[in-house]
Each structure stands twice: as C-alpha cells, then as structure tokens.
There are 2 protein chains.
Amino acid sequence: MKLTSKGRYAVMALVDLARFDNINPVSLRDISLRQGISLDYLEQIFSKLRKKEIVQSVRGTQGGYILNKKAKEIKLTNIFDAVDEKVKTVQCKKESKKGCNGKSTKCLTHNLWDELETHINNFFKEKSLEDLVKDNIERRV
Amino acid sequence: MKLTSKGRYAVMALVDLARFDNINPVSLRDISLRQGISLDYLEQIFSKLRKKEIVQSVRGTQGGYILNKKAKEIKLTNIFDAVDEKVKTVQCKKESKKGCNGKSTKCLTHNLWDELETHINNFFKEKSLEDLVKDNIERRV
DNA sequence: TATAAACCTGACTAAAATAGTCAAGTATCA
DNA sequence: TGATACTTGACTATTTTAGTCAGGTTTATA
Ligand code: FES
Ligand code: FES
C-alpha cells in the first residue's frame with residue numbers, strides 16, 4: 001500500500017499555502033520552487049482543489065491561490081477526496097452483494113479490509129490543515 | 001492508497017489454510033479452487049511465505065502446506081512482511097537526512113506521513129490469523 | 001516401480017496506474 | 001502592452017501489478 005505523489009503533493013502544497021495565513025494569494029510558481037514540485041503538475045492538482053472549493057483562485061499578476069475555508073475546517077479527508085486519492089482496500093464492489101471471488105458471499109477477508117479502510121480514514125478525518133501548520137511551526141523552534 | 005492483490009491473497013489463503021487447524025496439509029490447488037485465486041500466483045506467494053517460515057511445505061502426493069506457527073502468533077505484519085506488501089507513505093529514503101524535495105531538511109509533511117505509517121502498521125501488528133479465523137466462524141453462525 | 005499429485009523456480013508479459021510533460025490558451029495588473 | 005499567473009485538455013514515458021508459462025523435483029500410493 002502506498003501513498004501516491006498526487007496526494008502527498010496536494011497536502012504539501014496546501015500546508016505551504018496555509019502558512020501564509022490567507023492574506024495574500026500564493027502563486028503556484030512559488031510553491032513549485034519552495035517544495036520542488038513540477039508547476040504543471042501543481043496546476044492539475046489545484047484545478048481539482050478549486051473545483052471542490054478548498055481553494056480560491058485569483059487571476060492576473062500578483063494572483064495565486066488562497067484558502068477558501070479556515071485551515072481548521074479543512075481535513076485531510078477533504079483534500080484527498082478532492083484530488084481522488086482514495087483508500088481502497090477491498091477488491092469487490094461495495095454495493096454489489098457478490099464477493100471478490102465472484103461468489104455470492106463476501107470473501108473470507110472482506111470484513112478485515114473494511115475495518116482497515118475505516119481505520120485509515122479515521123486518521124484522515126481527524127487531521128486538519130491547521131494541525132499540520134502548527135506541527136510545523138513547533139518543530140521549527 | 002490501495003492494497004494489492006498479493007497482500008490480499010496472501011491473507012485470504014492463510015485464513016483458508018488456518019481453518020483446517022493444522023492437521024492435514026492443504027494443497028494450493030484446493031485453496032485456488034475455494035478462493036478463486038490463480039494456482040500459479042499462489043505458488044509465488046507461498047514460496048515467500050515458506051521462506052519466512054510462516055508455512056511449512058509437505059511435498060509429494062497428499063502434500064500441501066501447513067502453518068509453521070500457532071495462528072495466534074502469526075500477525076498480519078508478518079504476512080505482509082513476507083510477501084513484500086509494505087506500507088510506504090513517505091517519499092524520501094528514511095535513513096537519508098535529505099528530504100523528498102532534495103533539500104537538506106525533511107519536507108513539510110514528512111512527519112505526517114510517518115505518523116500515518118505508524119497508524120496503519122499498528123493495525124497490522126494487532127491482528128492475528130487466529131482473530132481472522134474466529135471472526136469468520138462467528139459471522140457464519 | 002510407474003504415475004500422478006503437488007511443490008518449486010525463474011523468466012516472461014499484458015494491462016493498468018502513476019507521474020508527469022506539453023501546448024495553447026485567458027484574465028488581470030502595472 | 002507586456003508580464004505574470006491561472007486554465008484546460010491531451011498526450012506519454014515509466015513503473016507497478018497481476019498475473020502466465022514452461023520447465024523442473026519430490027513423494028505417496030496403486
Ligand atoms: S474484498 Fe470484498 S469480497 Fe473479497
Ligand atoms: S516525505 Fe520525507 S521528506 Fe518528504
């Protein structure tokens with residue numbers, strides 16, 4: 001199981017953005033340089049974040065992005081959801097009654113993976129962008 | 001983030017195996033049929049499980065595999081470890097002092113992913129094969 | 001003692017997912 | 001009017017996954 005770059009970058013970029021405390025728009029170019037993420041890739045990511053109303057864009061010179069909500073209200077879940085970084089542990093379709101083995105009952109381990117998925121998602125539901133920014137400031141001292 | 005088939009199958013096969021309570025060797029052919037997993041693929045998986053001493057093989061006709069330890073002592077961690085299903089959340093090399101951005105300090109989110117990795121691994125450390133077999137029997141009633 | 005069941009090994013490959021790049025815009029400020 | 005920065009969509013190389021395939025070796029049992 002591994003985390004993809006898309007998810008990692010999305011969070012990384014938003015932490016960078018959040019540190020500027022929502023005063024001035026932050027350009028993707030700056031984030032790209034500071035965090036070492038390809039600008040073109042960031043654009044893809046922010047396009048999704050904007051559509052899910054996590055950030056707002058400001059066009060033109062001196063433009064960039066600002067948070068669309070309080071950092072406290074943006075949870076990791078929301079970010080991952082926006083960029084389609086989803087936790088997938090079961091093989092079967094969840095709605096379907098069929099198991100991953102094609103049989104009419106769920107497989108021996110279905111329940112386990114379902115628990116695992118919940119376990120992981122709980123982590124994402126708890127953490128907010130604010131927590132991350134704070135963590136970072138503390139460690140820096 | 002998603003779980004790969006290899007990891008899922010390894011656990012599925014071992015639960016199947018463990019249900020026979022270690023009396024007779026269970027052939028991969030049987031597991032293949034019952035769980036709907038390719039025999040050739042199972043062989044790859046069991047080769048690894050054997051090398052890590054999770055199962056023992058019995059060659060020849062009527063042969064198969066048996067558990068090499070008590071089901072209680074086999075944790076998910078051990079299984080995943082054996083088949084190289086590893087949880088990987090950070091981008092950087094752990095030993096290296098460099099961050100994933102190539103800079104000399106760890107990136108803004110390194111700590112977060114490290115926490116996540118621990119969180120997930122905790123789940124795997126707790127669950128034993130015995131738990132899984134029990135769960136299954138209970139649900140069946 | 002022949003034979004079939006089952007383990008054992010390594011190489012190979014098709015398909016999917018990932019991690020981007022590239023090109024061609026549009027909006028806005030100075 | 002130029003520069004900066006967002007916007008969009010298509011494209012692609014690389015890597016990973018999820019197997020397959022081909023050839024073994026071992027051993028119970030008929
Ligand atoms: S994972 Fe849902 S039935 Fe196997
Ligand atoms: S994940 Fe370790 S430095 Fe970024």
Side-chain angles (χ1 to χ4, degrees), chain A residues 1-13 17 20 24-66 68 80 83-89 91 100-102, chain B residues 1-13 17 20 24-52 54-66 68 80 83-89 91 100-101:
Chain A
M1 316 194 69
K2 70 180 175 219
L3 188 68
T4 66
S5 289
K6 195 165 55 176
R8 193 182 299 106
Y9 287 164
V11 177
M12 213 185 285
L17 184 73
F20 290 85
N24 299 310
V26 178
S27 74
L28 293 189
R29 183 153 194 285
D30 286 353
I31 298 181
S32 164
L33 290 174
R34 277 195 295 260
Q35 307 303 329
I37 306 170
S38 140
L39 178 59
D40 281 319
Y41 204 17
L42 273 178
E43 271 163 0
Q44 280 184 45
I45 291 169
F46 273 76
S47 158
K48 295 184 179 199
L49 292 173
R50 187 172 56 79
K51 279 174 189 149
K52 288 296 173 79
E53 300 180 342
I54 291 175
V55 296
Q56 256 185 8
S57 68
V58 180
R59 301 188 73 154
T61 325
Q62 305 287 73
Y65 287 91
I66 54 174
N68 198 24
F80 278 179
V83 300
D84 305 306
E85 170 85 21
K86 34 186 175 272
V87 176
K88 189 164 184 273
T89 58
Q91 174 75 351
C100 58
N101 42 20
Chain B
M1 315 194 67
K2 70 179 175 219
L3 188 68
T4 67
S5 290
K6 195 165 53 175
R8 193 181 299 107
Y9 289 164
V11 177
M12 212 184 286
L17 184 67
F20 290 85
N24 297 311
V26 178
S27 74
L28 293 189
R29 183 152 196 285
D30 286 354
I31 298 180
S32 165
L33 291 173
R34 278 195 295 261
Q35 307 304 329
I37 305 171
S38 141
L39 179 59
D40 282 320
Y41 204 18
L42 273 178
E43 271 164 1
Q44 279 184 44
I45 292 169
F46 273 76
S47 158
K48 295 184 179 197
L49 291 174
R50 188 172 56 79
K51 278 173 191 151
K52 288 296 172 79
I54 290 176
V55 295
Q56 256 185 7
S57 67
V58 179
R59 301 190 74 156
T61 326
Q62 305 286 73
Y65 287 91
I66 54 174
N68 198 25
F80 278 180
V83 299
D84 306 305
E85 170 84 23
K86 35 185 176 273
V87 177
K88 188 166 185 272
T89 57
Q91 174 73 354
C100 59
N101 42 22

Point to revise | Distance, rounded to the nearest Å, where A/K48 contributes NZ and D/dC6 contributes P | key: 18 Å

Check your understanding: When rounded to the nearest 0.5 angstrom, what is the spacing between OG1 in A/T4 and CD in B/Q91?
Key -> 10.0 Å

Exercise for review: May I have the distance from B/Q62 (atom CD) to C/dA5 (atom P), rounded to whole angstrom?
Suggested key: 11 Å

Exercise for review: Using heavy atoms to find the nearest nucleotide of DNA chain C for B/Q91 and B/Y65 separately, return the residue whose nucleotide is more 5′.
Suggested key: B/Y65

Practice item. Give a yes-or-no answer on whether the side chains of B/N68 and B/Q56 include a donor-acceptor pair shorter than 3.5 Å. Key: yes

Check your understanding: Backbone N or O of B/I37 within a donor-acceptor pair of the B/S32 side chain at under 3.5 Å?
Key -> yes

Exercise for review: May I have the distance from A/M12 (atom CE) to C/dA19 (atom C1'), rounded to whole angstrom?
Suggested key: 14 Å

Review point. Would you say a side-chain N or O of A/R50 is under 4.0 Å from OP1 or OP2 of D/dT8?
Key: yes

Practice item. Mind listing the residues from residues 27-45 of chain B sitting with a heavy atom below 4.0 Å of DNA chain D? Number order is fine. Key: B/S38, B/D40, B/Y41, B/Q44

Study note, to complete from the structure: Judged by nearest nucleotide, the residue sitting upstream toward the 5' end of DNA chain D, A/G60 or B/G60, is A/G60

**Study point:** Interatomic distance, A/R59 CZ vs D/dC6 P [rounded to whole Å]
**Key:** 10 Å

Review point. B/K2 near the nucleic acid: base, sugar-phosphate alone, or nothing, with a heavy-atom cut-off under 4.0 Å?
Key: sugar-phosphate

**Study point:** Distance in Å, B/S47 OG paired with B/L42 CG, rounded so as to fall on 0.5 Å steps
**Key:** 12.0 Å

**Study point:** Given DNA chain D, 5'-ward residue of the pair A/K51 and A/M1, judged by closest heavy atom
**Key:** A/K51

Practice item. Grab the CG-P distance between B/L49 and C/dC8 for me, whole Å please. Key: 12 Å

Check your understanding: What pair of heavy atoms forms the shortest contact from A/I45 to A/V83, and how long is it?
Key -> CG2-CG1, 4.0 Å

Exercise for review: State whether A/S57 places a side-chain N or O below 4.0 Å from either non-bridging phosphate oxygen (OP1 or OP2) of D/dT7.
Suggested key: yes

Practice item. In whole angstrom, give the distance that lies between atom OH of A/Y9 and atom P of C/dT18. Key: 14 Å

Revision key, fill the gap. When A/K48, A/K52, A/K51 are each screened for salt bridge (Lys or Arg N to Asp or Glu O under 4.0 Å) with A/D84, the one that passes is A/K48

Review point. OP1 or OP2 of C/dA19 sitting under 4.0 Å from any side-chain N/O of A/S5?
Key: yes

Revision key, fill the gap. Taken to the nearest whole Å, NZ/A/K88 to P/D/dT16 is 20 Å

Exercise for review: Starting at atom NZ of B/K6, determine the distance to atom C1' of D/dT20, rounded to an integer number of angstrom.
Suggested key: 15 Å

Study note, to complete from the structure: CD1 of A/I31 to CZ of A/F46, rounded to nearest 0.5 Å, is 4.0 Å

